[in-house]
Amino acid sequence: MKKGDHLFLVDGSGYIFRAYHALPPLTRKSDGLPVGAVSGFCNMLWKLMQNARDTDVGATPTHFAVIFDYSSKTFRNELYPEYKANRSAPPEDLIPQFGLIREATRAFDLPCLEMEGYEADDLIATYARLACEAGGDTTIISSDKDLMQLVGPTVSMYDPMKDKEINVPEVIEKWGVPPEKMIDLQALMGDSVDNIPGVPGIGQKTAAQLLEEYGDLDTLLERAGEIKQQKRRETLIENRDKALMSRELVRLRNDVPGVEPLDDFVLQPPNGPKLISFLKAMEFTTLTRRVAEASGAEAAEIESAQVDVEWGEAAHGPDVGSKPADATAEGDAASPAAAAGDTPGALAAARAAEAVAQKVDNTAYDCIRDIATLREWIAEAREAGVVAFDTETTSLDPMQAELCGFSLATRPGRAAYVPLIHKSGAGDLLGGGLVEGQIPARDALAELKPLMEDRSVLKVAQNLKYDLVIMQRHGIDVAPYDDTMLLSYVLDGGSNGSHGMDALSERWLGHTPIAFKDVCGSGKAMVTFDFVDLDRATCYAAEDADVTLRLWRVLKPRLAEKGLVSVYERLERPLVPVLGRMEQRGISVDRQILSRLSGDFAQGAAALEDEIYQLAGERFTVGSPKQLGDILFGKMGLPGGSKTKTGQWSTTARELEDLAAAGHELPRKIVDWRQLTKLKSTYTDALPGFINPQTKRVHTSYALASTTTGRLSSSDPNLQNIPIRTAEGRKIRTAFIAEPGNLLISADYSQIELRVLAHVADIPQLRQAFADGIDIHAMTASEMFGVPVEGMPGEVRRRAKAINFGIIYGISAFGLANQLAIPREEASAYIKKYFERFPGIRDYMDAAKAHSRDNGYVETIFGRRIHFPEIRSPNPSVRAFNERASINAPIQGSAADIIRRAMVRMEAALEKAGLHNTQMLLQVHDELIFEAPEGEIEAAMPVIRDVMEHAAMPALAMKVPLHVDARAAKNWDEAH
DNA sequence: ACAGAAGCTTA
DNA sequence: GTAAGCTTCTGTT
């Protein structure tokens, strides 16, 4: 910085409070996110930066920075613990805007500064001093009187809301003293807002008068005895210390250490696309247009940014203050702000009421049968800016399904179906021809494609992943989009009821949609959708789009109301296309290997069967637990044996192992037989049937919204439970192979759940052990039993390991005793010992239970909520179960969130590294499986590890490092 | 043809 | 003790 340069310092924290109260409330159109202050801030920044170019207007900045308070705790609290203590929590709809304003600053490419232990004002004072020393001028964008002490020859202030400059004359006019006496003035008059005591009974007028007469505070206090008015004289003498302390509180520090060099603040030309992307996300249309015009960018071509919204709990900082216990983000309809109709809560409530009030009439929909009408509908969708859609196909498997038609809804009650390949004569042996008057599929899709890909039209679907795959197969990349199933999952995960459309419609609209089986039948009598007549198909298909749109209107605002926007936008929505692509890629499975294994297993099972019949003395259905129980415990009279809840003899592997250990031959054979038949029927026989005839690969289906904790699930086939524990089972993994020239890479998180536990419960020993990379179970054993890690007996470590896992599952003495086959008392003693060694774990468990009981849900480290509606059940065992699940859910769920984040980022990271043919195929909870050409393997593994190990950043700094092991091989067995 | 119980596979 | 999905058997519709 040099002479003639001009530094602009924006008091960001001050601005937001003022803007919030001064500007009319404004909420983001699509979901009611409060953005009034953000809007004012952006407009103000834009105007100021424009001045940098329009040199004839006002001051022209060469350097620019925005300063924020870091935390409510500063060095002033050490001087005076009551400092700012009476500050109340900020209004609820202001909370998310603190983070957004920082985002806005970054979108403007401006330095966003804050420092722990100091207020924004101290930083401003420091930078103003540095600018002055460098010969430059400073304008502080604020009207806060606390900053007026800085005004002088090179420093002025500017009130952006009143468009008024504040220089020395203005300060004198307003306060009756020049800027250099502001400190003394404030020390005398105090400040009720900041809880600065001042001198009782002395206000602004008296303070100014006294300073006028005596010059400064020190002189005044020295000569206080000379004051004529008795009362004033006495209070001044009596409150001397208060005045001096107040002065230290109001005096700004202009020597904050470790600040950034001014040269870093040189004003850059604005980054148009980045800024426009943010403004679009905020839905500030006017400013978006202005910025686009000024920067010559085409706003329509720029994608809206993904912006994280923090609703308080997770946000650091001050600005958020301490929230009163009752002021949750629940958008209380009775709160004054909500009553004004401007909070997300009020919008959500209004939408919910609207949804029930507007009845669904599924006989009023259009069937579109010509291009002209379709074009009208598409124009209508563009006008509306949001359109719900649904595809009707011939199969639940999107990789095999044929598109029969699609439906669109532009507003509640306004929906249509576009049939494409419907056929007449269902049941007709000859299978009738195409129904007359349908738009050729190719033509209709050509019309649909631009709408589906239009960045300015939001597409809404229920279980979007399915429709996305269908569309992708027709060359259409749907964006942007929302998924009502995922909205429901984020809002009500764990609550009773599913997130299927029919259930959501019942719950939110009070309407029962036409059931699929009433249209197509079920079982053997089921017909594919292309054989449904057009009237019936229109009622059903258009209703689905209509209902989806209505659900979206109800659910979307609730996201902001509950503070779940970032969970949805970071952990759910972006995963949809990623999983879609993984499913479409599939994995190669070697038929020959499976077939050979099936033969081996069949042979083994047959041999065992013979031996079993001999030992039992009769032939029976070995696979029937009922018959087996009768033989073992009835006919043969073997001892022990417990009963299942239906009164049958239990024949679990556990039970049979015990009998085998007691020297009985038959139970061992049964266990072995079960293993072989299980492997055969579930895996080696079933998997070949899943090989897609076109792709020759197996395409699993991932459910995003089926687990309570946030994990994915896999089905058709389930590739998340392929055997690994036994040598026999492991052989199945050798059938999962890479294409010739490729290898499979398996990358898995090591001990991710224990690491999450160490993080959330903040256990020093665990953190240390993970930081040092030592054996966590051996460490636990060593702590508990006082055994050195060196030369530790295997049994000791095994017990510690069982306890560690038990903790994650919400330990009980009963369960641990069961797991370790030890008496309950012994298990109890272990748990007691464990809690003595790691009291933080007990604290965590108690806190999780209490939170669940008090709120009905628990949260992961990224804010995902998992509901436990039965946590207060009067039934003790139901309650205990919910308590254990409440302990487990944040751990399992946080781990699930972490790998989700890794998956969302993985493709771009690989792409950026030039690894265009390294593809993510499978996810198994803590493991990702990739296929890559041999030439990319070396480069891919570090990229994959890096993305996975840093997946929590930057949202969260884990207190424990994450560790990923990765290996590459021809098949999954060797890669893992 | 379907639903629930029992059992087994995974993280 | 947490979270899933699939197969077989068995009894009901």
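The sequence lines fix the lettering, A, B, ..., with proteins before strands; numbering per chain opens at 1.
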Open item on the list: Parallel, tilted or perpendicular: which one describes the rings of A:Phe516 and A:Phe529, with boundaries at 30° and 60°?
Closed with: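 The arrangement is parallel - the two ring planes meet at less than 30°.
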
Identify all side-chain donor-acceptor contacts of residues 809-825 of chain A below 3.5 Å with residues at least two apart in sequence or on another chain.
from, atom 1, to, atom 2, distance (Å)
A:Ser812, OG, A:Gly815, N, 3.0

TODO: Would you grab the first and last nucleotide of DNA chain C (5' to 3') that comes under 4.0 Å of any non-hydrogen atom in chain A?
DONE: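 Span of nucleotides near chain A: C:dG1 to C:dG11.
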
Task: Contact list for residues 638-652 of chain A, test side chain to side chain donor-acceptor pair (under 3.5 Å), sequence neighbours left out - done: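 Only A:Ser642-A:Glu655, A:Thr644-A:Thr646, A:Thr651-A:Arg674 qualify under side chain to side chain donor-acceptor pair (under 3.5 Å).
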
Whole angstrom is fine here: how far is it from [atom1] in [X] over to [atom2] in [N]?
X	N	atom1	atom2	answer
A:His976	B:dT9	NE2	P	16 Å
A:Lys680	B:dC8	NZ	C1'	17 Å
A:Asp630	B:dA6	CG	P	14 Å
A:Lys801	B:dA11	NZ	C1'	12 Å
A:Glu657	B:dC8	CD	C1'	13 Å
A:Trp673	B:dG7	CH2	C1'	11 Å
A:Glu655	B:dC8	CD	C1'	16 Å
A:Gln675	B:dT9	CD	C1'	10 Å

Open item on the list: Filter on ring-ring contact (aromatic ring centres under 6.0 Å, His included), then keep only pairs touching residues 874-895 of chain A, sequence neighbours left out; what's left?
Closed with: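 Qualifying pairs: none.
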
Listing, residues 831-840 of chain A side-chain donor-acceptor contacts under 3.5 Å, not counting sequence neighbours, or none:
from, atom 1, to, atom 2, distance (Å)
A:Tyr834, OH, A:Asn804, OD1, 3.1
A:Arg837, NE, A:Glu783, O, 2.6

Please report the interatomic distance [atom1]([X]) to [atom2]([Y]), rounded to the nearest 0.5 Å.
X	Y	atom1	atom2	result
A:Met399	A:Asn692	CE	CG	5.5 Å
A:Arg905	A:His950	CZ	NE2	10.5 Å
A:Arg711	A:Gln923	CZ	CD	8.5 Å

Which of [range] sit near DNA chain C, with a heavy atom under 4.0 Å from it?
range	result
residues 715-731 of chain A	A:Ser715, A:Asp716, A:Asn718, A:Asn721
residues 882-898 of chain A	A:Arg884, A:Ala885, A:Asn888, A:Gln892
residues 831-848 of chain A	none

Task: Side-chain donor-acceptor pair present, A:Ser894, A:Thr860, cut-off under 3.5 Å - done: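 Their side chains do not contain a donor-acceptor pair, so the 3.5 Å distance test is not met.
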
Any N/O pairs under 3.5 Å between the protein and nucleotides 1-3 of chain B? List them or say none.
none

Task: Residues that A:Glu611 engages under salt bridge (Lys or Arg N to Asp or Glu O under 4.0 Å), provided they are two or more places apart - done: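 Expected list: A:Lys669.
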
Task: salt bridge (Lys or Arg N to Asp or Glu O under 4.0 Å) partners for A:Arg697, two or more places apart - done: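 Only A:Glu739, A:Glu931 meet the salt bridge (Lys or Arg N to Asp or Glu O under 4.0 Å) criterion with A:Arg697.
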
Indicate, with a heavy-atom threshold strictly under 4.0 Å, whether [X] touches base, sugar-phosphate, or nothing.
X	value
A:Phe814	sugar-phosphate
A:Ala802	base
A:Gly806	base
A:Leu816	base
A:Gln627	sugar-phosphate
A:Ala653	sugar-phosphate
A:Ser714	sugar-phosphate

Task: Pair A:Phe601 + A:Tyr683: ring centers closer than 6.0 Å - done: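 Ring centres of A:Tyr683 and A:Phe601 not closer than 6.0 Å.
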
- [ ] Given ring-ring contact (aromatic ring centres under 6.0 Å, His included), test A:Tyr857 with A:His851 step by step and report yes or no.
- [x] CA-CA 7 Å; A:Tyr857 65 87; A:His851 190 281; 5.4 Å; yes

TODO: Would you check if A:Lys465 and A:Ser701 make a side-chain contact, meaning some heavy-atom pair closer than 4.5 Å?
DONE: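 A side-chain contact exists here, since the closest heavy-atom pair is under 4.5 Å.
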
TODO: Mark yes when over 12 heavy atoms from residues, nucleotides or ligands other than A:Lys635 sit less than 6.0 Å from its NZ; otherwise mark no.
DONE: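 Buried by this count: over 12 neighbours within 6.0 Å.
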
Task: Distance-minimising heavy-atom pair for A:Ser873 and A:Arg879 - done: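 Closest heavy-atom pair between A:Ser873 and A:Arg879: O-NH1, 3.0 Å.
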
Task: With sequence neighbours excluded, residues passing side chain to side chain contact (heavy atoms under 4.5 Å, CB included) with A:Asp716 - done: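 By the side chain to side chain contact (heavy atoms under 4.5 Å, CB included) rule, A:Asp716 matches A:Phe690.
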
